[in-house]
Number of protein chains: 2
Amino acid sequence: MSLRHAVLGLLSEGPASGYDLMKLFDLSLSNVWPATQSQLYSELGKLADAGLVSVAAEGARGRKEYAITEEGAAELRHWITEVEPVRTMRSDMLLRVFFLAQVDPQEARAYLRRQAELVTKHLEHMESIRNFVDSGQDNLSVYGRIALEYGLRLGTVQREWAEWAEEQIR
Amino acid sequence: MSLRHAVLGLLSEGPASGYDLMKLFDLSLSNVWPATQSQLYSELGKLADAGLVSVAAEGARGRKEYAITEEGAAELRHWITEVEPVRTMRSDMLLRVFFLAQVDPQEARAYLRRQAELVTKHLEHMESIRNFVDSGQDNLSVYGRIALEYGLRLGTVQREWAEWAEEQIR
DNA sequence: CTTCGACATGTCACGATAGGAACGTCATAA
DNA sequence: TTATGACGTTCCTATCGTGACATGTCGAAG
């Protein structure tokens with residue numbers, strides 16, 4: 001049920017259409033909670049049915065601008081402070097590690113080296129984002145930077161771990 | 001499509017029944033790729049239909065022992081070495097961070113402190129697992145330890161990050 | 001001999017994810 | 001004027017994940 005709260009969270013910064021939210025997602029939340037366009041629109045519909053958001057205005061091209069309601073804001077705060085985050089980590093990359101014995105040692109090492117490289121690329125990408133959004137003073141930017149810092153630290157240990165793991169394989 | 005490869009991976013260490021796999025999952029893969037019993041059984045059925053595993057023996061209580069086939073082993077190796085891991089990270093915990101501006105600063109700090117505590121608990125749990133499985137010499141144990149090391153390092157930075165983030169909030 | 005816990009599989013329903021097709025509008029530049 | 005690209009929504013299909021429920025067998029303890 002996190003997508004619903006992601007949408008509420010974005011709307012808590014101001015009204016937006018499904019289309020707006022899609023773009024916002026792409027440049028902020030997509031790294032911590034990916035969602036597709038169809039998911040967004042259907043979620044907005046459900047949210048409106050549930051009274052957590054309302055259609056604040058209808059614009060050109062059938063545009064519907066949604067605004068968070070008081071119930072929606074309350075639900076968001078409740079979710080943030082009182083609902084325990086579910087810690088289900090799923091990693092395709094790490095799953096493979098369990099089975100590396102099924103391939104040659106040099107292939108296993110190559111796999112880990114490749115992961116280290118991919119992480120490096122991702123780190124560079126995050127660095128460039130940091131330089132880009134460093135100036136924003138809105139809530140999403142401020143806390144987005146804190147989340148980004150998480151990504152940077154995570155990437156760093158991933159790389160160190162991959163290099164360490166490669167050395168473990170003989 | 002990773003559950004299918006998780007099952008193939010476990011079967012590559014030797015034949016097992018759905019029930020066996022369930023237990024294996026719980027004590028090895030569940031931290032990187034959770035799966036429920038119903039998923040396992042239906043996946044085994046599909047795998048058998050696809051010829052990637054075969055029913056090697058039928059035992060008491062309707063037990064069906066599955067074994068990986070040559071096609072299955074080939075598919076597993078192919079997946080490990082040639083399929084790019086999808087890096088879709090989803091974090092309920094991190095998503096909330098984006099919206100911490102919606103609650104009081106002291107609540108935001110409490111949230112981060114709580115996450116640090118939860119991570120600490122999880123780290124202790126992983127340490128105890130490490131002491132427990134440190135002796136195993138089978139493939140899954142050897143590579144499981146490498147995966148566990150990942151978990152330990154990850155947990156450590158998560159905690160450091162949460163503590164750092166808490167300080168950022170004024 | 002009964003009961004209980006471990007063994008063992010299967011099914012159903014619901015919601016979440018993924019990805020794309022279909023449809024239409026508006027502004028603007030060639 | 002017309003083509004194009006950005007805007008904008010809706011619907012559809014398929015697979016995955018979650019949790020509960022139903023159904024039974026076997027061995028061992030009491």
Quiz item: Counting any heavy atom closer than 4.0 Å, what does S17(A) reach on the DNA or RNA strands: base, sugar-phosphate only, or nothing?
Solution: sugar-phosphate
Quiz item: Should E163(B) and R114(B) count as an ion pair when the cut-off is N to O under 4.0 Å?
Solution: no
Self-check item: Range on DNA chain D touched by chain B - first to last nucleotide, heavy-atom distance under 4.0 Å
Solution: dC16(D) to dC26(D)
Quiz item: Looking across every strand, which nucleic acid part, if any, lies under 4.0 Å from M1(B) by heavy atom: base, sugar-phosphate, or nothing?
Solution: sugar-phosphate
Exercise. Identify whether the distance between the nearest side-chain nitrogen and carboxylate oxygen of D20(B) and R63(B) falls below 4.0 Å.
Key: yes
Quiz item: Between E149(A) and R153(A), does at least one N-O distance fall below 4.0 Å, as a salt bridge requires?
Solution: yes
Quiz item: What distance separates L11(A) CG from H5(A) NE2, expressed to the nearest 0.5 Å?
Solution: 12.5 Å
Quiz prompt | Short N-O contact, K121(A) and E124(A), less than 4.0 angstrom | solution = no
Practice problem: Identify whether the distance between the nearest side-chain nitrogen and carboxylate oxygen of E167(B) and R109(B) falls below 4.0 Å. | Solution: no
Exercise. Would you please classify the geometry between the Y150(B) ring and the W161(A) ring as parallel, tilted or perpendicular, with 30° and 60° separating the classes?
Key: perpendicular
Below 3.5 Å is the cut-off: list the nitrogen or oxygen pairs between protein and nucleotides 21-28 of chain C, distance only.
none

Exercise. Pick base, sugar-phosphate or nothing for R4(B), based on heavy-atom distances below 4.0 Å to the nucleic acid.
Key: nothing
Quiz prompt | Ion pair check, E166(A) and R113(A), cut-off under 4.0 Å | solution = yes
Quiz item: Reckon K46(A) has a side-chain N or O less than 4.0 Å from the OP1 or OP2 of dA16(C)?
Solution: yes
Quiz item: Hey, is the side chain of Y19(B) poking within less than 4.0 Å of OP1 or OP2 on dC7(C), counting only N and O atoms?
Solution: yes
Quiz item: Of the candidate nucleotides dT11(C), dG10(C), dG19(C), which contains the atom at the shortest distance from the side chain of S38(B)?
Solution: dT11(C)
